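Not measured: the values here are computed from a predicted model.
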Amino acid sequence: PPPPPPPSKIAVADPTVADSSVAGLISALTTHSIIAVVCLVLFSLLRKRFPLVYYPRKALVGVDPSVRAVSPKSDAELFGSNPFAWVVRVLRTPSTQLLDTVGLDALMYLQLFKVGAIFFAIAS
């Protein structure tokens, strides 16, 4: 009978592959974090400058009977001087109040982000 083939060499994990994977992950996290912060800052600045775009239901109060009046307080009274205080307020506001204030489409959008944040927090 012919001699058995020589044993195959066992491949050792290449450490440079693991290093490049970690570097890629850090690079992606950094890039996405910067984009998220820029979008958050832009939203916080633009929502005050263009209220009809970011608060369209306020313009419909008194015109459309299905739109209920929102809080008469100004942004300064609701959020203080912190431009990002709205994030905590949105997360703590009950869904029924958000439905009355921002409408069903915006409520579903906010719920999608909440569920996504919870899912990815658990998954990571």
Side-chain angles (χ1 to χ4, degrees):
S8 61
K9 294 183 180 178
I10 299 174
V12 177
D14 187 3
T16 58
V17 172
D19 289 342
S20 66
S21 295
V22 171
L25 176 67
I26 292 171
S27 174
L29 283 175
T30 303
T31 303
H32 290 103
S33 297
I34 290 170
I35 291 170
V37 167
V38 167
C39 288
L40 192 62
V41 168
L42 282 174
F43 172 76
S44 294
L45 295 174
L46 292 175
R47 72 184 177 92
K48 292 179 182 177
R49 185 165 173 91
F50 302 104
L52 284 178
V53 173
Y54 294 98
Y55 303 110
R57 293 178 63 87
K58 278 187 177 181
L60 294 175
V61 172
V63 176
D64 186 351
S66 67
V67 177
R68 295 184 211 143
V70 294
S71 173
K73 295 180 180 179
S74 67
D75 279 356
E77 292 173 320
L78 288 173
F79 305 123
S81 61
N82 184 353
F84 301 109
W86 63 269
V87 175
V88 175
R89 185 162 171 90
V90 166
L91 293 175
R92 290 187 179 163
T93 304
S95 295
T96 53
Q97 186 179 352
L98 283 173
L99 179 62
D100 290 341
T101 307
V102 298
L104 182 61
D105 54 343
L107 174 63
M108 291 295 104
Y109 195 60
L110 290 170
Q111 292 294 355
L112 175 71
F113 278 117
K114 281 184 188 178
V115 170
I118 291 169
F119 174 77
F120 286 114
I122 292 171
S124 61

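- Hydrophobic clustering, with ILVMFWY side chains joined whenever heavy atoms are under 4.5 angstrom apart, keeps Y109 apart from L91.
- Rounding to the nearest 0.5 angstrom, the gap separating the CG atom in L107 from the CG atom in L112 is 11.0 Å.
- Separating the CD1 atom in I26 from the OG1 atom in T31 is a distance of 11.5 Å, to the nearest 0.5 Å.
- Remark: L110 CG to L99 CG distance equals 11.5 Å, nearest 0.5 Å.
- Put simply, the side chain of S44 gets close to the backbone of L40: a donor and an acceptor are under 3.5 Å apart.
- In the hydrophobic cluster analysis, where Ile, Leu, Val, Met, Phe, Trp and Tyr join through side-chain heavy atoms closer than 4.5 angstrom, L29 is grouped apart from I35.
- F113 and M108 fall into different hydrophobic clusters, where Ile, Leu, Val, Met, Phe, Trp and Tyr residues are linked whenever their side-chain heavy atoms come under 4.5 Å apart, directly or through other members.
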